[in-house]
Amino acid sequence: QVQLVESGGGLVQPGDSLRLSCAASGLSFSTYVGAWFRQAPGKEREFVAGISPSARIPRYADSVKGRFTISRDNAKNTVDLQMTSLKPDDTAIYYCAASNLLSSAEGRYGYWGQGTQVTVSS
């Protein structure tokens, strides 16, 4: 059974940093793209960042470039999202996902975690 479990969400102030982690099990995660999506209240789920199996190719949404960094540890079957300079607009539920293809399209991802809440507020 495939499981993706997110952790690290919470309530932070604008300008703060937060690190999300996703632990994968039940699949050969080192052969999959790992990605993060987010869904804000009243909005559609959107791509945040993705990383190739080799970790050589990261991809970011324009809204987070320069502030967020995605990384992975294939030995631990994890993919992390380091978020800095957080803004209230970053408030959302953040989801981990896995796919055979590095894409910003939600439909390309067959495996999803349950999500972790990130709230940025003063």
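Because the structure is predicted, anything quoted here is derived from the model rather than measured.
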Is there a path of hydrophobic side-chain contacts, each under 4.5 Å between heavy atoms of I, L, V, M, F, W or Y residues, that connects Leu4 with Val33?
no

Identify each donor-acceptor pair in which a side-chain atom of residues 96-104 lies under 3.5 Å from a protein atom, sequence neighbours left out, and give them as a table.
| residue | atom | partner | partner atom | Å |
| --- | --- | --- | --- | --- |
| Ser99 | OG | Leu101 | N | 2.9 |
| Ser99 | OG | Leu101 | O | 3.0 |
| Ser99 | OG | Arg108 | O | 2.9 |
| Ser103 | OG | Ala105 | N | 2.9 |

Would you say Trp112 ends up clustered with Ile51 if hydrophobic residues are merged whenever their side chains have heavy atoms under 4.5 Å apart, either directly or through other cluster members?
no

Any side-chain heavy atom of Ser122 within less than 4.5 Å of one from Pro14?
yes

Considering only residues two or more places apart or on different chains, which pairs with a residue in residues 112-122 satisfy salt bridge (Lys or Arg N to Asp or Glu O under 4.0 Å)?
none

Report yes if some heavy atom in the side chain of Leu20 is under 4.5 Å from a heavy atom in the side chain of Val118; otherwise report no.
yes

Mind checking what makes side chain to side chain donor-acceptor pair (under 3.5 Å) contact with Arg45, not counting sequence neighbours?
Glu106

Please write out which residues are connected to Leu11 in a hydrophobic cluster, directly or through intermediates, given that two of Ile, Leu, Val, Met, Phe, Trp, Tyr count as joined at side-chain heavy-atom separations below 4.5 angstrom.
none

Considering residues at least two apart in sequence or located in another chain, which fulfil the salt bridge (charged side-chain N to carboxylate O under 4.0 Å, His left out) criterion with Arg72?
none

Gln39: side chain to side chain donor-acceptor pair (under 3.5 Å) partners, not counting sequence neighbours:
none

Is any side-chain heavy atom of Ile57 closer than 4.5 Å to a side-chain heavy atom of Arg59?
no

Partner set under side chain to side chain donor-acceptor pair (under 3.5 Å) for Ser121, not counting sequence neighbours
none

Could you check whether any side-chain heavy atom of Asp90 comes within less than 4.5 Å of a side-chain heavy atom of Arg38, counting everything from C-beta outward?
yes

When rounded to the nearest 0.5 angstrom, what distance separates CG in Asn77 from OG in Ser25?
8.0 Å

Can you sort out the partners of Asp80 under salt bridge (charged side-chain N to carboxylate O under 4.0 Å, His left out), two or more places apart, ordered by chain and number?
Arg19

Over 12 non-hydrogen atoms of neighbours within 6.0 angstrom of CD in Gln114:
no

Which distance, rounded to the nearest 0.5 Å, do you find between the OG1 of Thr31 and the CZ of Phe29?
9.5 Å

Check whether any side-chain N or O of Asp73 sits under 3.5 Å from a backbone N or O of Lys76 as a donor-acceptor pair, and report yes or no.
yes

Under 3.5 Å, is there a donor-acceptor pair between the side chain of Thr116 and the main chain of Gly9?
yes

Interatomic spacing from CD in Glu6 to SG in Cys22 - rounded to 0.5 Å
5.5 Å

When you group the ILVMFWY residues by side-chain heavy-atom contacts below 4.5 Å and let the links chain together, are Phe68 and Ile93 in the same group?
no

By ring-ring contact (aromatic ring centres under 6.0 Å, His included) - contacts of Tyr109 (at least two apart):
Phe37

Please list all pairs passing the salt bridge (Lys or Arg N to Asp or Glu O under 4.0 Å) test where one or both residues lie in residues 21-32, with sequence neighbours left out.
none

Do the side chains of Ile70 and Tyr94 join up, straight or via other hydrophobic residues, at under 4.5 Å, putting them in one cluster?
yes

State which residues pass side chain to side chain donor-acceptor pair (under 3.5 Å) with Tyr95; sequence neighbours excluded, sorted by chain then number.
none

Check against side chain to side chain donor-acceptor pair (under 3.5 Å), Thr84 and Gln82
CA-CA 7 Å; Thr84 63; Gln82 178 67 47; over 6 Å; no

Under the salt bridge (charged side-chain N to carboxylate O under 4.0 Å, His left out) test, residues paired with Lys43 that sit two or more places apart:
none

With a 4.5 Å cut-off on side-chain heavy atoms, are Tyr32 and Tyr111 touching?
yes

Tightest non-hydrogen contact, residues Thr91 and Ala40, listed as O-CB, 3.6 Å

With clusters defined by side-chain heavy atoms of hydrophobic residues (ILVMFWY) lying less than 4.5 Å apart, directly or transitively, does Leu81 cluster with Leu18?
yes

